[in-house]
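Everything numeric here is computed off the predicted structure, so don't read it as measured data. As the structure lists them, so they are numbered: ligands from 1, and atoms in each ligand from 1.
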Amino acid sequence: MRDRMPQSPANQGGVATHCPYCAFQCGVQLSGARERVVVAGNEAFPVNKGRLCIKGWTAGSVLGHPERLLTPWIRNARGVLAPSTWDEALALVATRLRETQERYGRDAVGLFGSGALTNEKGYLLGKFARVALGTSNIDYNGRFCMSSAAAASNKAFGLDRGLPFPLEDIPSAEVVLLAGGNMAETMPPFMQYLEAQRAHGGQLIVVDPRRSPTAQAGSMHLRLIPGSDTALVNGLLHVLVRDGLVDREYIASRTEGFERVKALVAGYWPERVERITGVPEAQLIQAAHLLGKARTAMILTGRGPEQQARGVDNTLAYINLALALGKVGRPFSGYGCMTGQGNGQGGREHGQKADQLPGYRKIDDPAARRHLAAVWGIREEELPGPGLSAYELLASIGQERGIRALLVVGSNMVVSAPNAREIESRLRSLDFLAVADFFLSETAALADVVLPAAQWAEEEGTMTNLEGRVILRRRAFEPPPGVRTDIEILCALAERLGKGSHFQFNEPRQVFDELRRASAGGPADYAGVTYERIAASGGLFWPCPSEDHPGTPRLFSEQFATPNGRARFHPVQHQPASETPDSDYPLYLTTGRVLAQYQSGTQTRRVPELERLAPRAIAQMHPAAARRYGLVDGDEVTLSTRRGSARFTVDLTQLIREDTVFVPFHWGGEQAVNRLTNPALDPISRMPEFKLCAVRVHASGMLRDEAVDEQANNQG
Ligand SMILES: Nc1nc2c(c(=O)[nH]1)N[C@H]1C(S)=C(S)[C@@H](COP(=O)(O)OP(=O)(O)OC[C@H]3O[C@@H](n4cnc5c(=O)[nH]c(N)nc54)[C@H](O)[C@@H]3O)O[C@H]1N2
Ligand SMILES: Nc1nc2c(c(=O)[nH]1)N[C@H]1C(S)=C(S)[C@@H](COP(=O)(O)OP(=O)(O)OC[C@H]3O[C@@H](n4cnc5c(=O)[nH]c(N)nc54)[C@H](O)[C@@H]3O)O[C@H]1N2
Ligand code: SF4
Ligand SMILES: [Mo]
């Protein structure tokens, strides 16, 4: 599989592929040799239309980076990671996984996957768990990402595709409401769609506790108190019902359950909602009227309302709003979740989830089990059932019948999991940890075996972008000597586990052909997608059940995917967050992203241009809040919560609420905000409460008790 590729894409006048990072999956054009590869926007790709953000422009430098892992590493008797051969490393991983299972049962081995992986890799990892290991315990980092929105869409529409319409519909929406998404920093080329919408006379309402760069681009900003989205939306619905602005005909013909929502929102009169959310009554009414009078409207959510212990309820509230307006499945209208990771959409469809089989099938559905057992050539009884969700899987380490050996492919949870201190100590207590990565991430640094994996431009594969469009990543370079692809790694391990006959894949497209069969007939049906068809078009939207099917850019125009074809309303009450400010921890802490760093930072902290822009973790605070602690811009500050403490650089801004501190999560060690975050989980999606907990501020050098006294004085 290695010998047909040119060393330099320049040989072919450049290779058209996609950015390694976010779900926008911008089309890029690569030219030049690996060490000096030039990344340019691909004008011909219809989604980004040539635009990139700074992370995309600079993505080439991670390929030839001097810190890349170029050989496997094994922790030796002295506890130090030392270079090894592939044979030794693979044999050791296979032996330790097998021994663990023999001693403690099949489920004692866990797998942790990623929305960064191509569809082929995510699919193969799910198959590896069920067929090569027979463990039920596989989950992935998407659980920390859009799982609340996915669960809500499944409940309301019977199907979850982040955006059920193409981005090209956005400019024609008269009103767009974007809740807790900061696309100006997290998907900058997306802003051209909102700019076009504004240019057509459209209104953009942004709901965010911060006046983020995205909120600044809007026509209206609802600066709510963190954790109050459901109250806000119930308030909007209250006004819409009161003023006769709901779409009664649509509600009657296409939905069910509205009466209970109507009764519930009667209790959310604007004055009460202002008290809960901090959003002035007049603004609430104005926003409701803008939405209620628009012929076309879209409601979009980002991680703000979703990453909460009530994330599913929050998202259901926004879906209620879209349904009451009669907009879901209508032209230039609807509800959508802005998926985040490169393959955050495909990653949630093909079996890396604890409760799922490929094609977005449920693992406890007998028909799905029969279908997959047949595709995989095993008996149905051999297929494990549902396993533990991401945080629970990690938290089970060290517990009776918990995980004792773990294989991680594409996540750096020491930085990105909530309550990270605790997770780190659990990972250290594992009998065995193996990590496949390009760099020695904070998590890889704890491993017993580190496997060096190939990167984005070094292997082929499909990705499914935030619209549900299946696209093709092309290979521009061979992996450096000593590096293997994740697919090669999984197939080699399966061989050593005695299951090689189920993993005879020489190329990603062979894996994809099996994925097509595995997904056929499921909700996310890829049967008709081929590499050739993608190459000949701008990508294909699922479901695409046959090779002569054009794909499905727009869902729900005739009916929903529920048994009776109707969308379901869900009455949801506002509930306080799991932790709210009190005299010990007087402020809200919310977390998220900045433009120049990506996720746990393994890749972007190694890019000099990005490091210059965002060299360390900041704590965004309002000047009035900072004054109370004697802090000025640029000061060092320690923040602590009931989980732990970490240190940041104060970044003063008028754009945040006085009661809220915002910290990005891209750094490890002392700057890891996840040492502070609350692992309270949503009861349905099992999403941790990343967006909200109570925090205390210490000016640096100040002793803990002094800071507490000072806070008491300030409050008294
Ligand atoms: N630069 C960059 N871009 C990225 C990524 C990255 O790491 N860096 N990661 C990618 C991934 S995986 C994802 S998931 C996306 C995430 O993309 P976004 O959802 O845009 O990102 P976040 O910064 O996590 O959160 C968005 C906003 O939620 C607001 N917020 C906080 N609490 C609340 C609340 O209670 N209610 C409401 N309504 N809003 C609230 C925050 O102030 C923040 O502005 O970005 C993708 N793109
Ligand atoms: N406090 C707080 N925490 C958060 C969030 C938040 O908003 N606030 N957001 C959450 C969200 S939305 C997400 S998506 C998670 C993300 O957090 P993580 O799961 O840690 O995701 P990444 O940082 O992208 O980690 C990917 C790791 O895998 C490697 N990698 C990337 N691609 C591949 C590949 O193809 N193969 C292999 N073998 N390795 C690969 C990278 O080098 C990196 O080390 O963080 C969550 N954590
Ligand atoms: S928006 Fe996302 S896909 Fe596009 S260049 Fe930036 S990180 Fe890459
Ligand atoms: Mo994410």
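Summarising the contacts of atom 12 (S) of ligand 2 with Arg484, Arg593, Glu306, the nearest heavy atom is found in Arg593. Atom 41 (C) of ligand 2 has its nearest heavy-atom neighbour, among Thr485, Asp437, Leu440, in Asp437. Proximity annotation for atom 3 (N) of ligand 2: of Leu676, Leu451, Asn674, Asn674 comes nearest, heavy atoms only. Residue nearest to atom 35 (O) of ligand 2, selected from Lys121, His666, Arg675: Lys121 (by heavy-atom distance).
Protein N/O/S atoms found under 2.8 Å from atom 8 (Fe) of ligand 3: Cys19 SG.
Checked against a 6.0 Å centroid threshold, the rings of Phe438 and His65 do not count as neighbours.
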Table please: side-chain donor-acceptor pairs of residues 587-596 below 3.5 Å, with sequence neighbours left out.
unit_1	atom_1	unit_2	atom_2	d
Thr590	OG1	Lys691	O	2.8
Thr591	OG1	Phe690	O	2.9
Arg593	NH2	Gln599	OE1	3.2

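Residue contact check: Thr602 has heavy atoms under 4.0 Å from atoms 42 (O), 43 (C), 44 (O) of ligand 2. For ligand 2, the atoms lying closer than 4.0 Å to a non-hydrogen atom of Ala116 are 31 (C), 32 (N). Those atoms of ligand 2 with a heavy atom of Ala453 less than 4.0 angstrom away are 38 (N). Annotation for ligand 2: atoms under 4.0 Å from non-hydrogen atoms of Asp486 are 34 (C), 35 (O), 36 (N), 37 (C), 38 (N).
Listed by first and then second residue, the side chain to side chain donor-acceptor pair (under 3.5 Å) pairs involving residues 603-618 are Glu67-Arg606, Glu442-Arg605, Gln597-Thr604, Gln597-Glu611, Arg616-Glu636, Arg616-Thr649 (not counting sequence neighbours).
Every residue two or more places apart in sequence or in another chain was checked for a side-chain hydrogen bond (donor to acceptor under 3.5 Å, both in side chains) with Gln352, and none qualifies.
Regarding atom 47 (N) of ligand 2, its nearest protein heavy-atom neighbour is Ser416 O, 2.8 Å.
Using 4.0 Å as the threshold, Lys691 has a heavy atom nearer than that to some atom of ligand 2.
The N/O atoms of Gln307, backbone and side chain alike, include one that comes under 3.5 Å of an N/O atom in ligand 2. Looking at Ala417 next to ligand 2, no N or O pair under 3.5 Å apart turns up.
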